[in-house]
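As the structure lists them, so they are numbered: ligands from 1, and atoms in each ligand from 1. Count residues from 1 along the sequence. These values consider heavy atoms only, across backbone and side chains, with no hydrogens, waters or symmetry-generated copies.
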Amino acid sequence: MKIEITRATSEQLKKKPAPGAGVGFGQIFTDHMFLMDYEEGKGWLNPRIQPYGPLSLDPAALVFHYGQEVFEGLKAYRWQDGDIYLFRPRLNYERLNRSARTLCMPTVDVEDMLEATRKLVWLERDWVPSEPGLSLYLRPNMIAVEAALGVRVSAKYLFYIIATPVGAYDARGFDPVGVYVAEEYTRGPAGQGEAKTRGNYAVGLLAHQEAHRLGFNQVLWLDGMEGRYVEEVGTSNIFFRLDDELITPSLTGTILPGITRDSVIHIARHWGLKVAERRISIDEVIVAIERGRLKEVFATGTATVITPVGRLAYSGKTYVINGGKTGSLAQELHDYLVGIQYGIIRDPHGWMERGV
Ligand SMILES: *Cc1c(COP(=O)(O)O)cnc(C)c1O
């Protein structure tokens, strides 16, 4: 793939955050972005990197009206020797393609996209933070840009990748969160829960606001059909340590197949732990808490890696998990995964790929 590069002029270059200044999550964007266009019958055209800036879109672009959009999220990590690595980036583009198929959108060439990602990371290498815990978050995004108001599949798309230096997703760090079981809200009975697409997030906002109002950090979603089975927490996958078994909801079509989820399952099995992917009802969780069998609960995702859950509110009661503290398994998984991502622990799984 021939990527045309237009570099930002010296006036366009932004000031990078000073080390230690704190970068938040997705608040500052780098100097460049990757873009390419799609036209039905022609395929992907004009792969290019240009200065970061606003997009010019027709107000009738189909994405604004009927939500044909898919995205991804992955990180570039700077190792102590200065080299930059990506964590299982192929899986992000493979998942982007599965999400795209769900929304009748064109797929991308995974190898080309890895090349585009590396080119962008290379150009923005000085934006990849060297402080521990920080990284450069990459957000590939595909949107329907054909101007039309009829409900139908767009014939034109825009794909782009933007980048932002990020700290820990949650400013509170690695402290356990409180989750609120959404009983009166669902994300819909079938929907597109296994696709990373914007509709899944917009429908969650109201419940999230409600959870916040009640003093909780995240929403725990139950399935939309029966309102019984645990699906995800916020926009992360969820794990329960019940006695000495790790349980995570199976991928039934309404749950996002997280790459962190997959990695945690792999690591836990590698460590000899029993891991089950199965349906788990909220009643089973509550009974396990009452019997003292539920040792730990944690969420997984690229942004936060592992988020321990310390409180769970359901049906008017708030249950404390593991004394409200981070569990030992959550801590070990976090340290191991982060250790691999930052090159501190040798990667026996072949997960890290050179970023430039
Ligand atoms: C992105 C995402 C996850 C986590 O996936 P990772 O690949 O681990 O980052 C989980 N649930 C939802 C809804 C997501 O959007």
Side-chain angles (χ1 to χ4, degrees), residues 25-26 67 69-77 86-100 102-103 110 113 117 135-142 161 164 166 168-170 177 179 182 185-188 190-205 207-208 211 217-224 229-239 246 248-268 275 277 297-309 330 333-334 336-338 340-341 349 351-353:
F25 193 94
E69 183 264 5
V70 293
F71 68 93
E72 269 305 323
L74 66 158
K75 285 174 172 176
Y77 307 87
L86 301 165
F87 180 71
R88 312 184 79 184
R90 258 185 193 78
L91 298 188
N92 289 99
Y93 289 108
E94 286 167 7
R95 184 170 66 189
L96 181 89
N97 282 342
R98 289 199 304 275
S99 300
T102 304
L103 281 112
V110 171
M113 289 308 96
T117 306
S135 56
L136 187 70
Y137 184 85
L138 300 154
R139 169 56 58 88
N141 204 339
M142 193 197 301
I161 308 172
T164 166
V166 296
Y169 183 75
D170 199 318
V177 296
V179 302
Y185 301 96
T186 72
R187 300 186 300 181
Q192 298 167 328
E194 64 185 340
K196 228 170 159 67
T197 178
R198 59 187 215 163
N200 291 335
Y201 306 87
V203 295
L205 293 176
H208 192 255
N217 310 84
Q218 293 287 350
V219 173
L220 191 150
W221 295 104
L222 300 179
D223 77 280
Y229 296 99
V230 174
E231 295 210 316
E232 290 187 59
V233 55
T235 55
S236 302
N237 296 113
I238 189 163
F239 284 82
L246 202 52
T248 192
S250 38
L251 302 175
T252 49
T254 52
I255 294 170
L256 204 282
I259 294 164
T260 320
R261 174 188 181 277
D262 181 77
S263 307
V264 162
I265 293 173
H266 196 93
I267 294 165
V275 184
E277 291 179 70
V297 180
F298 57 87
T300 65
T302 296
T304 51
V305 192
I306 307 271
T307 306
V309 173
L333 285 164
H334 172 270
Y336 182 77
L337 204 46
V338 167
I340 286 179
Q341 289 169 338
H349 315 283
W351 286 343
M352 301 312 293
E353 290 198 28

Note to self: Just to verify, what does Y185 make a ring-ring contact (aromatic ring centres under 6.0 Å, His included) with, not counting sequence neighbours?
What the structure shows: none
Margin query: My understanding is that only one of V70, N141, V110, L91 makes a side chain to side chain contact (heavy atoms under 4.5 Å, CB included) with L96; could you say which?
Written below: V70
Note to self: Students often mix this up, so state it plainly: with edges at 30° and 60°, are the rings of Y77 and F87 parallel, tilted or perpendicular?
What the structure shows: perpendicular
Margin query: If you apply the rule salt bridge (Lys or Arg N to Asp or Glu O under 4.0 Å), what do you find for R261 with E277, and how did you get there?
Written below: CA-CA 11 Å; R261 174 188 181 277; E277 291 179 70; 2.7 Å; yes
Item checked: Amino acids in close contact with ligand 1, where any non-hydrogen atom sits under 4.0 angstrom away -> R95, K196, Y201, E232, T235, S236, N237, L256, G258, I259, T260, G301, T302
Next item on the list: Kindly say whether G301 contributes a backbone atom to a donor-acceptor pair with the side chain of S236 at under 3.5 angstrom?
Entry: no
Checklist line | N/O donor-acceptor pair under 3.5 Å between N92 side chain and E72 backbone | finding: no
